[in-house]
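Everything on this sheet refers to the single structure shown next.
Letters A, B, ... are given to chains in the order of the sequence lines, protein chains preceding strands, and every chain is numbered from 1.
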Amino acid sequence: MTEPKPVLEARGIVKIFGQHRALDTVDFTANAGEVHALLGENGAGKSTLIKILTGAYQPDGGELLLDGQPITLRDPLHGQTYGIGTVYQEVNLLPNRSVAENLFLGRQPTRFGMVDRKRIDAAAKDLLSRYGLDIDVRAELSEYSVAVQQIVAIARAVELSGKVLVLDEPTASLDRNEVQRLFDVVRGLKAKGLAIIFITHFLDQVFDLADRVTILRNGRKVASQPLNTLNTTDVVRMMLGKDVAFDHHPTALSGGPKGQVRVAFQNLSRKGLTPFDLSVHEGEVVGVAGLLGSGRTEVARLMFGVDGSDTGQITVDGQPVTIRNPAQAVAAGFGFCPEDRKLDGIFGDLSVRENIIIALQAKLGWFKALNREDQVELAGRYAEALDIRAADHDMPVKLLSGGNQQKVILARWLAIDPTFLILDEPTRGIDVGAHAEIVRTINRLREEGLALFVISSELDEVVAYSNRIVVMRDREMVAELDGDTIAPDAIVQAIAGTAKEARP
Amino acid sequence: MTRPTVDLRPTTQPPLPRQRPITSFLTKPQVIALVAVLLVNWALFPGFFTITWQDGRFFGSLIDVLNRGAPVAILAIGMTMVIATKGVDLSVGAVMAISGATAATLVTNGIPAPTAVLAALATGLLCGLWNGILVTVLEIQPIIATLVLMVAGRGLAQLITEGTIVTFSDPLLIFIGTGSFLGLPMPVVIALVLMVLATLIVRRTALGLLIEAVGVNRSAARFAGLKAGTLLLIVYTFAGFCAAISGLIVAGDIRGADANNAGLWLELDAILAVVIGGTSLMGGRFSIPMAVLGAMIIQAMNTGILISGFSPEFNLVVKSAVIIVILVLQSPLSARLFRRLPGAPK
Amino acid sequence: MSVIKTLALGAGLAGLLLSAAYAEGLQGKVIGFSQIGSESGWRAAETSVTKAEAEARGIDLKFADAQQKQENQIKAIRGFIAQGVDAILVAPVVATGWEEVLTEAKEANIPVVLLDRGIEGPEDLYLTSVASDQVKEGRVAGEFLATTVGDKPCNIVELQGTVGSSPAINRKQGFEEAIAGKANLTITRSQTGDFTRSKGKEVMEGFIKAEDGGKNICAVYAHNDDMAVGAIQAIKDAGLKPGSDILVVSIDAVPDIFAAMVAGEANATVELTPNMAGPAFDALQAYWDAGTAPEKFIITESKLYTPADDPQGEYDRRKGLGY
């Protein structure tokens with residue numbers, strides 16, 4: 001290995017917001033031909049540092065150097081001219097324009113003053129083929145999966161900048177295959193000598209891809225060293241400042257005695273989804289594994305009445321119920337933590353307290369209003385139980401971190417005293433601490449006798465808390481794993497079968 | 001059968017320190033603005049705060065402000081809730097015209113006044129329901145859905161009155177517009193009662209919270225089991241009902257239904273009142289009393305301009321200048337200037 | 001039902017206004033009429049009087065309501081040209097943008113008469129225009145007040161029409177001209193009441209408060225009757241007598257002001273006649289009969305009505321016209 005060559009350096013960066021030191025004399029170096037992972041819990045200062053490196057924020061102290069020369073970045077656009085490009089978790093391209101247009105927006109090749117579509121399309125196709133992507137570049141960007149969009153965004157950023165590439169949680173909404181594909185692209189760029197800064201919550205991905213890691217905690221740099229000198233436990237310890245223990249053993253869950261059938265779905269179906277039968281017992285977690293687009297979320301939406309079913313019956317404790325909309329599902333004692341927290345989950349401007357009691361209030365009806373004391377008591381109780389960290393339960397929930405928001409939604413459903421809880425990707429995009437908390441909570445709820453249906457892309461996680469695992473492929477439940485058959489390898493094989501490229 | 005519950009230790013959360021209501025009310029920008037406008041009026045016309053007792057009722061410029069502001073205040077009560085759901089109702093002015101036209105035409109054709117009043121209120125409810133159906137069932141954007149009735153409604157009112165000003169001398173209708181109760185003009189009494197009732201209903205029941213939830217995030221509201229459609233129907237129907245009451249007042253005031261002019265552009269005043277009252281057009285948090293206060297600020301300005309003796313060419317300029325000042329006072333920018341907020345980055 | 005009643009009454013009025021001699025001349029002529037819309041009672045009355053006038057003369061009137069839109073009027077005029085009408089009446093909604101379509105009419109040899117409002121552009125595009133003199137209306141009202149008050153000092157408050165509208169500007173100007181020589185007459189307050197009853201009432205309420213409970217007001221001059229009707233109510237609400245404590249003078253002569261006169265609450269109104277079509281038809285007949293082009297601007301009469309002019313009779317006569 002050759003001597004690392006620094007491309008972008010930050011020295012002694014300080015950033016102050018009001019009274020709060022978001023960054024306190026932080027050093028960071030991105031080397032050419034290296035993937036440098038930036039880790040830290042929410043609030044550690046990752047986003048702030050990235051914003052300073054890309055020009056979105058100006059530091060209150062310290063300096064930036066590019067190829068050894070001090071630079072001052074006015075804004076991200078200015079940063080781009082220095083060769084610093086960024087790709088965010090939420091793809092910020094134009095979904096209703098073609099892939100080619102997105103790639104060349106703002107610098108379209110023209111002929112006689114007109115945009116030369118043919119040339120754009122050809123150039124786009126050529127460019128993407130270098131990223132291993134063979135798609136119709138004339139189609140609208142939104143027609144493609146997030147993974148493809150992500151690669152398009154990377155291609156655009158590299159084309160525009162070409163020195164430093166910042167990847168801000170690019171894998172948060174991708175499934176396993178898609179992540180690998182993205183990583184292949186990143187490895188290719190690394191080989192070309194780009195300095196890559198990689199931010200993620202997934203430690204396995206860090207070990208998979210990164211060469212070097214910098215860990216921030218509470219605005220300070222804890223460590224910055226080559227990854228091959230570290231193991232997972234070291235990294236987690238440095239991030240959290242304490243040891244966290246993931247319960248990775250399927251604690252003979254499936255072996256235990258099952259409770260009574262709590263919820264049963266018979267022959268439930270909707271156009272584009274193969275009819276399925278499923279019962280969930282008291283004190284049982286049914287995990288769902290499958291690629292993005294395999295029909296996992298569709299099943300959850302159908303169960304909760306978000307989408308109407310074409311056929312089938314639902315019984316709760318043996319009694320038939322009608323669920324044609326979420327209100328009826330809530331009346332039947334169902335709860336649903338949706339995949340897209342921000343869009344379908346939280347009420348950003350409402351308080352933490354109101355976010356927790358809203359489902360119970362909706363269930364009680366308009367006239368049985370929970371008075372303030374009830375609300376404060378309920379919110380306090382569930383916030384404590386789930387360890388929701390909020391300075392004040394009257395503050396808008398949008399000010400909380402993703403993990404705490406997820407716990408608020410979980411609290412919302414626990415407050416209705418549910419019979420059946422559906423969790424769609426409950427740990428996606430949240431920090432390590434909250435992640436562990438949610439996994440523990442799922443286990444605890446199961447022990448207390450709740451029936452749960454949990455969708456997750458994290459196989460280790462699903463294995464950790466599920467009694468049974470349903471595997472989905474091509475909008476069909478293709479396998480059910482029980483007892484000793486539950487193991488990540490077995491699931492992967494079930495998913496793989498004839499697994500095709502998933503496109504949501 | 002026992003449902004599983006989370007093993008939870010009850011906690012003793014200290015009761016949240018609440019601001020003293022009087023102090024926090026008096027320091028609201030809206031209250032300061034109203035007081036400022038009233039003081040300016042007083043400076044322009046020293047007799048502004050003089051209230052006398054005459055013919056069994058209070059009489060004075062301040063009473064005029066309340067009385068003339070009442071129709072917009074009543075519209076604003078309904079509009080607040082519509083805006084809280086992230087909607088808007090452009091049709092209320094036209095619904096006022098329809099309501100007045102209905103009542104006037106019925107009484108002049110010999111229908112008893114109470115029936116005519118009920119019929120007018122019913123047309124308001126129907127108009128509101130129509131808007132609600134367009135918004136919820138057909139999922140048309142509120143601004144477009146209510147624009148339909150804003151345009152067609154006035155035509156409808158003209159059809160009812162056959163294009164004329166239908167004058168009447170029915171005592172009940174006239175009482176609604178010009179009568180008095182406990183010395184206060186009827187419109188003021190109606191607006192106050194409606195404000196108190198509406199506030200009690202939305203805050204004593206869960207309606208207020210659920211409306212705010214729908215306004216903040218309609219999709220999340222659906223996922224949380226709220227019946228968003230029903231709520232929207234109720235809210236638009238109520239806005240129509242409020243407009244019908246305003247229409248009756250305005251018609252009773254001039255003893256006639258003027259389909260061409262009744263309520264003309266008042267929907268915009270009502271929206272402005274709601275915004276001055278601090279309810280965001282993006283939906284969510286709302287306050288009915290504050291919207292009523294907003295209506296009073298607008299009317300205090302109108303009355304001030306009237307008695308100031310300025311040439312009418314200045315009316316709109318003065319009005320818009322004052323509104324800009326009020327909106328700037330309420331903006332996050334000035335909030336930052338007044339109290340230093342700790343920057344809260346993630 | 002009431003449309004028929006309106007027409008019948010309109011026909012009756014037309015009969016009074018017409019001399020029998022004209023009755024034959026325009027028999028069977030086809031005339032198009034592009035009306036602005038029905039935004040006010042006066043406009044509705046103009047429409048019904050025009051229809052009645054046409055019927056009395058045996059004219060086949062093609063009526064088109066433009067709903068306040070110029071493009072609808074242009075469309076209607078093109079339609080009339082295509083149908084080959086004998087003449088076209090237009091009440092133009094705006095003053096500009098008529099040259100093209102009126103040139104088309106001219107080329108088709110169809111005479112055009114403008115009603116009620118003028119346009120900008122070459123005068124040879126139309127045969128004549130029939131309109132009232134708004135300045136004169138204001139002057140008639142001012143002269144009435146000057147005569148009635150005599151030498152006594154009199155503070156007048158003015159309820160203006162919509163700010164910037166031509167009737168508001170002209171009626172204000174005419175009134176000021178009429179009282180210019182009288183030192184005892186002064187306009188102490190002037191505000192817009194937007195031509196509506198409710199604003200008229202609200203503004204008058206403010207004036208009364210600002211002028212010592214109305215004691216300093218001798219007369220109110222309103223740019224239209226509707227505002228006057230609103231002002232009358234405000235005066236009564238303040239415990240004063242309209243018509244005696246405060247004189248009420250206004251313009252338009254709509255039915256309700258006559259009802260107020262009957263009750264002794266209004267002192268005078270100046271008529272803005274809705275019969276613009278009558279003089280227009282007369283001019284057309286003279287043009288066709290004698291081949292002489294009429295005057296370019298035909299001014300309608302601005303007649304003063306006071307309680308001495310049988311207000312009850314005037315009220316009954318106008319009630320059915322659609323005001």
Non-hydrogen atoms of chain B under 4.5 Å away: do they reach the side chain of A:Leu350, the backbone, both or neither? both

Out of curiosity, B:Leu126 CG to B:Asn131 CG, how far, rounded to the nearest 0.5 Å? 11.0 Å

Rounded to the nearest 0.5 Å, what separates atom CG in A:Asn443 from atom CD in A:Glu448? 11.5 Å

Check whether the side chains of A:Thr419 and A:Asp317 place a donor and an acceptor atom closer than 3.5 Å, and report yes or no. no

Going from CD1 on A:Ile50 to CD on A:Glu169, what distance comes out if it is rounded to the nearest 0.5 angstrom? 10.5 Å

Please determine if B:Arg285 and A:Glu354 form a salt bridge, counting it only when a charged side-chain N lies under 4.0 Å from a carboxylate O. yes

Measure A:Ile357 against the heavy atoms of chain B and call it side chain, backbone, both or neither at under 4.5 Å. side chain

Pick one of side chain, backbone, both or neither for B:Ile211, based on which atoms fall under 4.5 Å of a heavy atom in chain A. neither

Below 4.0 angstrom, N of the basic side chain to O of the carboxylate: do A:Asp387 and A:Arg389 qualify? yes

Measure up the A:Phe420 and A:Phe334 rings against each other and bin them: parallel (under 30°), tilted (30 to 60°), perpendicular (over 60°). perpendicular

Is it the side chain or the backbone of A:Phe304 that comes within 4.5 Å of chain B heavy atoms, both, or neither? side chain

Please determine if A:Lys51 and A:Asp168 form a salt bridge, counting it only when a charged side-chain N lies under 4.0 Å from a carboxylate O. no

Quick one: which of B:Lys227, B:Met282, B:Arg222 has the most heavy-atom pairs under 4.5 Å with chain A, could you say? B:Arg222

Region of B:Ala221 that comes under 4.5 Å of a non-hydrogen atom in chain A: both

Give me the contact list for residues 190-203 of chain B versus chain A, heavy atoms only, anything under 4.5 Å, ordered by residue number. none

Residue among A:Leu360, A:Val330, A:Val306 with most heavy-atom pairs under 4.5 Å to chain B: A:Val306

To the nearest 0.5 angstrom, please state how far the CG atom of B:Leu129 sits from the OG1 atom of B:Thr123. 12.5 Å

